[in-house]
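The first residue in the sequence is number 1, and the count goes up from there. The structure displayed is predicted, hence computed values, not measured ones.
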Amino acid sequence: VQLQASGGGLVQPGGSLRLSCAASGIPFDTYTIAWFRQAPGKGREGISCIRSSDGGTYYADSVKGRFTISRDNAKNTLYLQMNSLKPDDTAVYYCAADQWRCAQAVGVEVRPGDMDYWGEGTLVTVSS
């Protein structure tokens, strides 16, 4: 199983980035997929997830209205469109897959065992 996040980089406050997460080795369309982030010195926080069953989405309050999660099951790829970025959004962003956990992982700190599979992170730095 492989989850590969990409798209991170340096962006100015107010800017936008689009993260991607390419999955392989799992039946992608049957898994909930989620985005997490970990800022320096902090725990890993769930920021958004999208269900496999109906495409329902959940967002942490910290990103609601600015970030949009989506998935393309034909391409086995998850996306996170991030707009109006703030310095507080600076973190390593991870994607993860689970057979059922979605809303329960959003807006809270999680442990590695809380999701079935994790990808390598991609660094997002918001700074002028």
Side-chain angles (χ1 to χ4, degrees):
V1 177
Q2 186 172 20
L3 299 171
Q4 183 62 55
S6 61
L10 174 64
V11 62
Q12 292 187 340
S16 298
L17 279 177
R18 188 193 195 203
L19 304 184
S20 299
C21 173
S24 61
I26 58 172
F28 184 79
D29 59 351
T30 68
Y31 273 76
T32 283
I33 312 289
W35 287 101
F36 299 80
R37 67 184 182 186
Q38 188 165 14
K42 295 187 177 181
R44 191 169 296 187
E45 173 196 23
I47 58 171
S48 185
C49 73
I50 183 166
R51 290 197 301 241
S52 60
S53 57
D54 60 0
T57 58
Y58 298 87
Y59 296 92
D61 288 343
S62 57
V63 306
K64 197 173 295 182
R66 300 186 298 121
F67 291 10
T68 302
I69 191 172
S70 61
R71 64 192 294 165
D72 185 337
N73 289 337
K75 296 182 178 180
N76 286 359
T77 302
L78 174 74
Y79 302 99
L80 186 68
Q81 178 66 43
M82 305 187 295
N83 299 329
S84 303
L85 283 162
K86 307 174 182 179
D88 284 350
D89 295 317
T90 295
V92 177
Y93 284 70
Y94 300 88
C95 56
D98 196 87
Q99 289 193 305
W100 68 272
R101 191 184 305 271
C102 187
Q104 298 87 346
V106 172
V108 297
E109 287 192 8
V110 299
R111 299 166 298 182
D114 288 340
M115 301 292 284
D116 290 336
Y117 302 107
W118 289 89
E120 297 296 325
T122 185
L123 177 62
V124 173
T125 303
V126 184
S127 175
S128 55

Drop me the distance from [X]'s [atom1] to [Y]'s [atom2], to the nearest 0.5 angstrom.
X	Y	atom1	atom2	answer
Gln81	Leu17	CD	CG	8.5 Å
Phe28	Arg71	CZ	CZ	4.5 Å
Tyr31	Arg101	OH	CZ	13.5 Å
Phe67	Arg18	CZ	CZ	14.5 Å
Thr30	Trp100	OG1	CH2	15.5 Å
Leu3	Met115	CG	CE	9.5 Å

Counting only N and O atoms by type, is there a donor-acceptor contact under 3.5 Å from the side chain of Trp35 to the main-chain atoms of Tyr79?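 Present.
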Do [X] and [Y] belong together in a cluster built from hydrophobic side chains that touch within less than 4.5 Å?
X	Y	value
Val110	Tyr93	no
Val126	Val92	no
Leu78	Val1	yes
Val106	Ile69	no
Tyr58	Val108	no

Can you name the closest pair of heavy atoms from [X] and [Y] and give their distance?
X	Y	answer
Glu45	Ala60	OE2-CB, 4.2 Å
Gly8	Val124	CA-CG2, 4.0 Å
Ala5	Cys95	CB-SG, 4.2 Å
Arg66	Ser84	NH1-O, 3.0 Å
Asp29	Ser52	O-CB, 3.3 Å
Leu19	Thr122	CD2-CG2, 4.1 Å

Any side-chain heavy-atom pair of Leu10 and Ser127 under 4.5 Å: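 Of all side-chain heavy-atom pairs linking Ser127 with Leu10, at least one is under 4.5 Å.
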Any side-chain heavy-atom pair of Ile26 and Asp116 under 4.5 Å: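 Side-chain contact under 4.5 Å: no.
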For the pair Arg37 and Ser62, evaluate side chain to side chain contact (heavy atoms under 4.5 Å, CB included) and give the outcome as yes or no after the intermediate values. CA-CA 12 Å; Arg37 67 184 182 186; Ser62 57; 3.5 Å; yes
Is it true that Asp89 and Lys86 make a salt bridge, defined as a side-chain N closer than 4.0 Å to a carboxylate O?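 Not counted as a salt bridge, because no side-chain N and carboxylate O are separated by less than 4.0 Å.
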Checking salt bridge (Lys or Arg N to Asp or Glu O under 4.0 Å) for the pair Asp114/Arg111: CA distance, chi angles, key distance, verdict? CA-CA 5 Å; Asp114 288 340; Arg111 299 166 298 182; 3.5 Å; yes
Can you say whether the rings of Phe36 and Trp118 are parallel (under 30°), tilted (30 to 60°) or perpendicular (over 60°)? tilted
